[in-house]
Number of protein chains: 4
Amino acid sequence: MGEDKKEGIIEAALKLFEEQGYHNTKVSDIVREAGVAQGTFYLYFKSKEDLFRSIAESCLDEMAVAIKRNCSGSVKEESFYRMMLETLEVYYDNKSILKILNRHGAASSEIEDISNAFYRRIMLVIKQSLMEWGAFPNYSEAQLEVAAYSKIGMVEMVAYQYFIVQHYDKSHIEAIAQVLAGSKAQCPPKPTDVVDE
Amino acid sequence: MGEDKKEGIIEAALKLFEEQGYHNTKVSDIVREAGVAQGTFYLYFKSKEDLFRSIAESCLDEMAVAIKRNCSGSVKEESFYRMMLETLEVYYDNKSILKILNRHGAASSEIEDISNAFYRRIMLVIKQSLMEWGAFPNYSEAQLEVAAYSKIGMVEMVAYQYFIVQHYDKSHIEAIAQVLAGSKAQCPPKPTDVVDE
Amino acid sequence: MGEDKKEGIIEAALKLFEEQGYHNTKVSDIVREAGVAQGTFYLYFKSKEDLFRSIAESCLDEMAVAIKRNCSGSVKEESFYRMMLETLEVYYDNKSILKILNRHGAASSEIEDISNAFYRRIMLVIKQSLMEWGAFPNYSEAQLEVAAYSKIGMVEMVAYQYFIVQHYDKSHIEAIAQVLAGSKAQCPPKPTDVVDE
Amino acid sequence: MGEDKKEGIIEAALKLFEEQGYHNTKVSDIVREAGVAQGTFYLYFKSKEDLFRSIAESCLDEMAVAIKRNCSGSVKEESFYRMMLETLEVYYDNKSILKILNRHGAASSEIEDISNAFYRRIMLVIKQSLMEWGAFPNYSEAQLEVAAYSKIGMVEMVAYQYFIVQHYDKSHIEAIAQVLAGSKAQCPPKPTDVVDE
DNA sequence: AATGAATGAGCGTTCATTCAT
DNA sequence: TATGAATGAACGCTCATTCAT
């Protein structure tokens, strides 16, 4: 039953942080949303920032694990397209944390560190794949890292622009991945029922 | 004379926002740093957020103008490399605002809108260039937009990782641009005196 | 068996109150120290203050009884010296409660009343003795009371200064009592290994 | 005008601390009593405890100065009687702080230190006088210190019992001092209009 | 224009107490 | 009797903003 409450607090916080950002969300908002008392919050988290750190940590870890699982070892023909696709899907599934961190910032240097560690982790996965594929045979390690970071940047920016700013749903992922992979497949036009706000 | 004070406040704020973020910087910090009185702040800015908006607006506008100037019309051989290089340089010169927005977030939906408008503006510049170059002759408008956003994502991520997280100086810009442009030139090894923290 | 737990709580509280004072000691500290659950506390005490009252009451009562026993009826030569000595010993043996009340206060008017009643009780014992000894044959009742209170003040201040502030051990009690009694016996020099802090 | 507010806060705090004790007095009580805003409090004091420390420090310092001024150098016939009288008067005039510290405790180890330093300071003044008077020619330094502390204890206890618990007014000071000095003068009976509570 | 003392709404956190098991 | 998760009222403190000078 205790873990139920903890889960409820995390879910409430995730929702509110996404909607209004970390600084605009009060602990009182979170506990009201979660249906628990003010004091209950502090049974499970040392502080509001501790909650955020905990959420960021677990979400980013989950993302890193998923990306690693999806992107490693697949040395097939369309490898790069698949990597983009799988990574986009992970970003889609975790757009809450993406939105929170991108729109509202890290809120503390500890969370910043966690975020930076996340990027480094993904970068290493991608660098590893690039090496295994022999994609850039004459690149140095340092160059491969730049290339890997640039792939992350591509995915993150389009994920942010299309999933968050423009509210695209999952049906466009493949078309977007094809563009990122350099393929020429048709990218469907922006749906008319989805308006930028 | 009044404009001197306004400039002083802006500079102080830019410095402090970069060092500690928007939410950790108090108006009292800004006026102390600027050497003016508390009340003077409100002669020039409606609120703390108004100051941030004003800073974000002008910095991003400056960046957009610089990128447009540097990236438009240059239909030469190494066009894409030049675009990456020029854009990286603009990012380097404006790494303060980049750091503030990436690390600490937008702090209000108005600033978010400004930020999104900035990306859209840059995207249009790049899309225009891609069209002029005939880089992707059979891409639809929508696909070109995805491609353009992905370029911005590349630049922004590497600019963040190398200029901000790893404190690279300007001397590495060309090498990084070459990787982003897909060139094979040697990327200089990470300087030993610069450590990731 | 329940009384074991009650005793444990009282001992834990006495220890913690002495170390950190009443206000700095949480009920959760006490139950942790006593090794019982939070709720158990309220089986034995109405409230945290009720516990303190209970402790103060029983300690002060014990002291009053001891002082009365030691100081009454002994109409011998060195009467006054013996009174000072015996009282100092009682204070020494109860320096915990002395420290709590002197350093950290009464914490409620009820406890204040208990403390005041204690002093009045001791005062009456001493007044009685003074009368029996004929120490101040021409003093009025009121004057004897002032004299009695002044004796208590003497003992309490030196007990506080030497037993609590300066951590003197029992071996100096006689020397101190001699000074209080106006005797000329040698007061041993302050031990060098005990430093005022 | 700023110092007016600071004074107002100090006076309000002194009054409320005396009436209800440090822990029962909220900052909101103090500012309401002083007629200033909540934030104004923190213009003049770092914290609630800082205010208490500041009050304790200045009151005790004032007392120490007054006692030293009154008790030093007067090597006349009735020296000891005068010392008791003057000291009682200082205690009477500062019964607020006496009441606060005795009834409600020191509230922090820093304030405890200030209090202990006060006692030591007074003790040294009294010891000095005892030496100058040749009151105890064959006492060691250590014995003189015990004697000095015992004098302070006498005064403090009777001051507490008569000025605070029993609300005696200034008219009884001389009679009390005579008893403390060992004189035989008549101590007036307890006034009937003043009741112990 | 410039000042800086004053404001007060608002928030994160604590902790004595309760109650279902 | 014993537990310990849950409660919620209460408080110290912050800081963006105002305004009399």
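Per chain, numbering begins at 1; letters A, B, ... match sequence-line order.
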Measure from [atom1] on [X] to [atom2] on [N] and round the result to the nearest Å.
{"X": "A/Glu7", "N": "F/dA5", "atom1": "CD", "atom2": "C1'", "result": "17 Å"}
{"X": "A/Lys5", "N": "F/dA6", "atom1": "NZ", "atom2": "P", "result": "5 Å"}
{"X": "C/Leu43", "N": "E/dT21", "atom1": "CG", "atom2": "P", "result": "18 Å"}
{"X": "A/Phe45", "N": "F/dA6", "atom1": "CZ", "atom2": "C1'", "result": "15 Å"}
{"X": "D/Tyr42", "N": "F/dT14", "atom1": "OH", "atom2": "P", "result": "7 Å"}
{"X": "B/Asp4", "N": "E/dA1", "atom1": "CG", "atom2": "P", "result": "14 Å"}

Between the side chains of D/Asp29 and D/Lys26, is the shortest nitrogen-to-carboxylate-oxygen separation below 4.0 Å, so that they form an ion pair?
no
Side-chain heavy atoms of [X] within contact of [Y], under 4.5 Å:
{"X": "C/Phe41", "Y": "C/Val36", "result": "no"}
{"X": "B/Ser108", "Y": "B/Arg53", "result": "no"}
{"X": "D/Ile97", "Y": "D/Met63", "result": "yes"}

Does C/Tyr44 have a side-chain nitrogen or oxygen under 4.0 Å from the phosphate oxygens OP1 or OP2 of F/dA2?
yes
If you take all heavy atoms of D/Ser96 and D/Glu18, which pair is closest and at what distance?
OG-OE1, 2.6 Å
Measure from NZ or CZ of C/Lys48 to the centre of the six-membered ring of C/Tyr22, then state whether that distance is under 6.0 Å and the direction lies within 45° of the axis.
yes
Can a side-chain donor-acceptor contact be found between B/Glu3 and B/Tyr44 if the only test is distance below 3.5 angstrom?
no
Any donor-acceptor N/O pair, A/Thr25 side chain to A/Gly21 backbone, under 3.5 Å:
yes
C/Ser47 side chain to C/Asp50 backbone, donor-acceptor under 3.5 Å
yes
List DNA chain F stems (3 or more consecutive Watson-Crick/G-U pairs, under 3.5 Å)?
E:2-21 with F:2-21
Take A/Ile55 and A/Ile100, measure what side chain to side chain contact (heavy atoms under 4.5 Å, CB included) needs, and give me the verdict at the end.
CA-CA 11 Å; A/Ile55 288 178; A/Ile100 294 170; 5.6 Å; no
What about C/Phe163 and C/Tyr91, are their ring centers closer than 6.0 Å?
no
Please list, in numerical order, the residues of residues 46-59 of chain C that have a heavy atom closer than 4.0 Å to any atom of DNA chain E.
C/Ser47, C/Lys48
Go through residues 17-41 of chain B and report each residue with a non-hydrogen atom lying under 4.0 Å from DNA chain E, sorted by number.
B/Val36, B/Ala37, B/Gln38, B/Gly39, B/Thr40
